[in-house]
2 protein chains.
Amino acid sequence: MGIGNDAVEIRAQGWRRLAALHGLIEAVLEKELQGAHRLSVVEYTVLDALSRQDGWHMRMRQLARAAALSSSATTRLVTRLEERGLLTRVLCADDRRGIYTELTPAGRQLLDKARPTHDRALETSLTQAEQLPELESLVAALHLT
Amino acid sequence: MGIGNDAVEIRAQGWRRLAALHGLIEAVLEKELQGAHRLSVVEYTVLDALSRQDGWHMRMRQLARAAALSSSATTRLVTRLEERGLLTRVLCADDRRGIYTELTPAGRQLLDKARPTHDRALETSLTQAEQLPELESLVAALHLT
DNA sequence: ATCAACTCGTTGCACATGCAACTAGTGCAC
DNA sequence: GTGCACTAGTTGCATGTGCAACGAGTTGAT
């Protein structure tokens, strides 16, 4: 019951709020993206990360980090998107272990259609979260950072 | 390309950071709790939520909300914990559809052992996140709320 | 040149999750 | 009381995920 107990409890509460907000947003995004474009949140995240490379490509490992996924999950995720023709695997010459992934035109096109859905859903989920007393301050903090 | 575009991009970036921080913390907690007590993060969350009711019980639905889980997942999670003797299902008299769950002494005991692990892991993951430039401000904001 | 230690990506497997369909129970209209 | 819409919790099923083991390629020491 030392003096550090307050800090511990504050951290725990912060984590619970963070998790709650994350869950809320993700649920809304998932529903909207899935319903409108048959994309999961992770799939959208990957396409978005790729597009942010502006015509460039990313290695599987980078993609895994960007999506907070294990490498095995990334393998199958990329396979899934490749089978839908949204991206392609490109063998890299200078490191023959490495595999680059690139958006196809179809992938970029789907992303362009999905982005408004994503952005709108994000906004509604945030306003929704703002109504909840325990999440209000965290949402506000998110705007500022 | 209206004036609202900035706000959209800020929200998107905030969401990416939130997701990144969430993923980081959850990964650390998962590893530590699993390694030391064979508890997943969700399982810990449920036990913790129950304990916070201070001797009382919670309905499945409340538990589902607290853990940000579907009701089916909650059913199986409770079954899992019940089989390990950490909590019990209690039929409720006044609403015979409802089922309460309570911590057993063993459950409370395990939670007491796991809490220090959890709190320590949470602290280390936060200091870890503070080192990353893009997460630093969010972590700081978390302390304040 | 060779070997060991490492990284990168893939696969087998076990498992937790969500959705939809179901049963059981409640509450309200009439 | 009868019927109807609703809620609570459980189950079958499909699917996405992590871990561990693996093959292929790289790097550096000797």
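Each chain gets a letter, A, B and so on, in the order its sequence line appears, and its residues count up from 1.
- Partners of A:H37 according to the side-chain hydrogen bond (donor to acceptor under 3.5 Å, both in side chains) rule, which considers only residues two or more places apart in sequence or in another chain, are A:T117.
- Across residues 20-39 of chain A, not one residue has a non-hydrogen atom less than 4.0 Å from an atom of DNA chain D.
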Output a table of donor-acceptor pairs, distance under 3.5 Å, between side-chain atoms of residues 26-33 of chain B and any protein atom two or more places apart or on a different chain; print 'none' if there are none.
residue : atom : partner : partner atom : Å
B:E30   : OE1  : B:V41   : N            : 3.4
B:E30   : OE2  : B:Q34   : NE2          : 3.3

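- Looking at residues two or more places apart in sequence or on another chain, you find no side-chain hydrogen bond (donor to acceptor under 3.5 Å, both in side chains) involving A:S71.
- Within the structure, ring-ring contact (aromatic ring centres under 6.0 Å, His included) pairs that include any residue of residues 63-91 of chain A do not occur (at least two apart or interchain).
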Which atom pairs link the protein and nucleotides 6-12 of chain D when you take only N or O atoms and keep those under 3.5 Å?
residue : atom : partner : partner atom : Å
D:dT7   : O2   : B:R97   : NH1          : 2.9
D:dA8   : OP2  : B:R61   : NE           : 3.0
D:dG9   : OP1  : B:M60   : N            : 3.2
D:dG9   : OP1  : B:I99   : N            : 3.2
D:dG9   : OP1  : B:I99   : O            : 3.3
D:dG9   : OP2  : B:R61   : N            : 2.9
D:dT10  : OP1  : B:R89   : NE           : 2.8
D:dT10  : OP1  : B:R89   : NH2          : 3.0
D:dT10  : OP2  : B:T75   : OG1          : 2.7
D:dG12  : O6   : B:R76   : NH2          : 2.6

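- Atom CZ of residue A:R84 and atom CG of residue A:L39 lie 5.0 Å apart, to the nearest 0.5 angstrom.
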Check: residues 86-101 of chain A side-chain donor-acceptor pairs under 3.5 Å, at least two apart:
residue : atom : partner : partner atom : Å
A:R89   : NH1  : A:E82   : OE1          : 2.7
A:R89   : NH2  : A:T75   : O            : 3.3
A:R89   : NH2  : A:T79   : OG1          : 3.3
A:D95   : OD1  : A:R97   : N            : 3.1
A:D95   : OD1  : A:R97   : NE           : 3.1
A:D95   : OD2  : A:R59   : NH2          : 3.4
A:D95   : OD2  : A:R97   : NH2          : 2.9
A:T101  : OG1  : A:M58   : O            : 3.1

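- Scored by the salt bridge (charged side-chain N to carboxylate O under 4.0 Å, His left out) test, A:R61 finds no partners at all (sequence neighbours excluded).
- Close approach of DNA chain C to chain B, defined as any atom under 4.0 Å from a non-hydrogen atom of the protein, starts and stops at C:dA16 to C:dT26.
- Taking for each of A:S70 and A:A93 the nucleotide of DNA chain D with the nearest heavy atom, the 5'-most of the two is the partner of A:S70.
- Qualifying side chain to side chain contact (heavy atoms under 4.5 Å, CB included) partners for A:E123, counting only residues two or more places apart in sequence or in other chains: B:R11.
- Screening residues 62-83 of chain B for ring-ring contact (aromatic ring centres under 6.0 Å, His included), with sequence neighbours left out, gives no hits.
- Residues passing the salt bridge (charged side-chain N to carboxylate O under 4.0 Å, His left out) test with B:D48, sequence neighbours excluded: A:R16, B:R52, B:R115.
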